[in-house]
Each structure stands twice: as C-alpha cells, then as structure tokens.
Amino acid sequence: MNAQRFLYTIDAISTWTGKIAAWLVVGLMALVCAEVFKRYILNMPTAWIFDASNMLYGTLFMVAGAYTLAQNAHVRGDFLYSSMRPRTQASLDLVLYLAFFLPGIAALVYAGWDYALDSWRINEHSNVTADGPPVYHFKFMIPLAGALVLLQGAAEIARCVLCLKTGTWPSRLADVSEIDVIAEQLAHSEHVDEEARKAAIARAQDIEESARQRGMGGDLQG
C-alpha cells in the first residue's frame, strides 16, 4: 500500500463514520418535533426526550470529529498560517500534532474508556430528569470518537511528513461540498439561464478554492 492509498483509506473510514453519524440529525429532529407536539398540543411533556436529545447531539458532535479533520474543516486561526509555504505549514503542524494533539487525544481515549466502563458497571442512568434513561452506551462514544480522531490524526501526521519531503500537500479524499449544492440548485432554477448559471458556479468555485488555499491539505480528489 503506497502512501496516498494509506491516506485515502483512513480518510474513507473517517468519511464513512461521519456520514453514519449525520443520520442522527434525523432522529434528533424527530425527537424534538415529537416533544414540541406533545408538550404544546397534547400538554403531555416527556422527560426522557431531553436526555435522549442531548445524547444524540453529543454522539453526532463527537463521532463527526474525525470526518471534520479528514475534510480539513476544523476552525483554525490562519491569518499567519495561510501566508506560509507548504513546508513551513507542515513543520508547524507536525510539531503541534506531536506535542499537543497526540497526547491530548490519547489521554481522552484512555480516560474515556475507564469512564465508560465505570458507567457500565454501575448501570448509570441520567440524573438530569427523574427516572432518566441509561447513559453508559452514550459514554462509550467518548473513547470511540477519540480513537477515530486518533486514527485520522495518524493520516494528518503522515501528510505533514510527505509535505516536508515533496514540498506539496498530499491530496485528500473528496466529499460533497457546498459548490455541488449550488450547482444542483441552479440547475433546477427556471429563473437562471445557462450563462448566468456557469458564471455563478465559477464565482462559487473561486471562493471555495481561495478558502481551501488559506487552509491547507492539498487538492481534493474523488
């Protein structure tokens, strides 16, 4: 397995878990809608829905972390970073990954595993509401999410090493981006002609490319 295939394999794992986690939004929306209907129409609020909503959102937030890292979408203060050469960016990233990222995420996995096991042993339930639902399964998401981020972090460290060797950032596995949504919306619009549609897509592509260049991570490849 060459280096690029190794990176794509880890990117694919992170992308798959992120897309699976995204479906939790549907469950979260259904719970919130059901609670609004029961509370304000039937006057029969359900206490456990509050806990369930928190757990669904928390799981989505944690598990999608690796996907966000794979897409180079985590927030960064890049007012200086964007002006650096790729090798300088890679050197800075490598130091930060080794000094802060790896120890921090490894500690999260280690502590989170013990935390989840303790919750399982005592059959922990939520104490936010009376007779709250079990939470031990939710707490197992902590070490799982940490392990996924740690795996993607290995790919990011490898990208830094490759960039130091070659002077360019290795490509990333692409996923659907905002430009795809814009193109689809314009394609079905009755009020935009072909020339205006192409011009709008071109402008959106320029904006997206500028934002990507300000970050890093190389070209996106499908």
Side-chain angles (χ1 to χ4, degrees), residues 11-77 104-105 108-109 111-152 173-192 200-201 204 207-208 211 215:
D11 285 351
I13 294 172
S14 298
T15 300
W16 181 79
T17 56
K19 289 182 176 181
I20 292 297
W23 283 99
L24 295 176
V25 174
V26 178
L28 180 60
M29 181 186 68
L31 280 179
V32 172
C33 290
E35 176 62 10
V36 169
F37 178 79
K38 293 188 65 178
R39 181 181 293 271
Y40 295 104
I41 303 300
L42 303 180
N43 195 27
M44 296 172 56
T46 307
W48 62 265
I49 287 183
F50 177 79
D51 290 303
S53 299
N54 282 341
M55 287 188 279
L56 283 178
Y57 175 74
T59 299
L60 170 63
F61 183 85
M62 290 188 290
V63 175
Y67 169 79
T68 308
L69 185 58
Q71 295 298 313
N72 191 34
H74 282 289
V75 175
R76 69 164 76 241
I105 301 300
L108 174 67
V109 175
W113 179 252
D114 286 341
Y115 190 51
L117 285 180
D118 288 341
S119 180
W120 179 275
R121 290 191 190 100
I122 66 175
N123 192 27
E124 184 179 8
H125 284 59
S126 172
N127 58 5
V128 176
T129 56
D131 195 24
V135 297
Y136 45 83
H137 56 285
F138 171 57
K139 291 188 176 181
F140 271 104
M141 294 298 104
I142 299 174
L144 173 62
L148 290 172
V149 172
L150 199 59
L151 178 64
Q152 184 61 43
L173 191 66
D175 193 19
V176 176
S177 62
E178 293 183 16
I179 187 65
D180 300 319
V181 178
I182 294 174
E184 183 177 355
Q185 291 175 338
L186 290 176
H188 294 87
S189 175
E190 299 178 357
H191 307 288
V192 179
I201 293 175
I207 294 172
E208 185 178 51

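This is a predicted model, so every value here is computed, not measured.
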Which distance, rounded to the nearest 0.5 Å, do you find between the [atom1] of [X] and the [atom2] of [Y]?
X     : Y      : atom1 : atom2 : answer
Phe61 : Met141 : CZ    : CE    : 15.5 Å
Thr15 : Tyr67  : OG1   : OH    : 6.0 Å
Thr17 : Leu151 : OG1   : CG    : 9.0 Å
Asn54 : Thr59  : CG    : OG1   : 10.5 Å

Quiz item: Looking only at heavy atoms, what is the nearest atom pair of Ser126 and Asp51, with distance?
Solution: OG-OD1, 2.7 Å
Got a sec, which residues hit side chain to side chain contact (heavy atoms under 4.5 Å, CB included) with [X], two or more places apart in sequence or on another chain?
X      : value
Asn127 : none
Val25  : Leu60
Ala47  : Thr129

Self-check item: Pairs meeting criterion ring pair (Phe, Tyr, Trp, His ring centres under 6.0 Å) with involvement of residues 120-142, two or more places apart
Solution: Trp113-Phe140, Trp120-Tyr136
Practice problem: Kindly write out the residues that satisfy side-chain hydrogen bond (donor to acceptor under 3.5 Å, both in side chains) with Asp118, not counting sequence neighbours, or none if the list is empty. | Solution: Arg121
Run the side-chain donor-acceptor check on residues 31-38: report pairs under 3.5 Å with partners two or more places apart or on a different chain.
from: Glu35; atom 1: OE1; to: Thr46; atom 2: N; distance (Å): 3.2
from: Glu35; atom 1: OE2; to: Arg39; atom 2: NE; distance (Å): 3.3
from: Glu35; atom 1: OE2; to: Arg39; atom 2: NH2; distance (Å): 2.9
from: Glu35; atom 1: OE2; to: Thr46; atom 2: N; distance (Å): 3.4
from: Lys38; atom 1: NZ; to: Thr46; atom 2: OG1; distance (Å): 2.7

Self-check item: Asp114 atom CG, over 12 foreign heavy atoms within 6.0 Å
Solution: yes
Self-check item: Pairwise side-chain contact, Leu28 with Ser53, heavy-atom cut-off 4.5 Å (strictly under)
Solution: yes
Practice problem: Check whether any side-chain heavy atom of Val135 lies under 4.5 Å from a side-chain heavy atom of Ser119, and answer yes or no. | Solution: yes
Quiz item: Does a donor on one side chain sit under 3.5 Å from an acceptor on the other, for Gln152 and Asp11?
Solution: yes
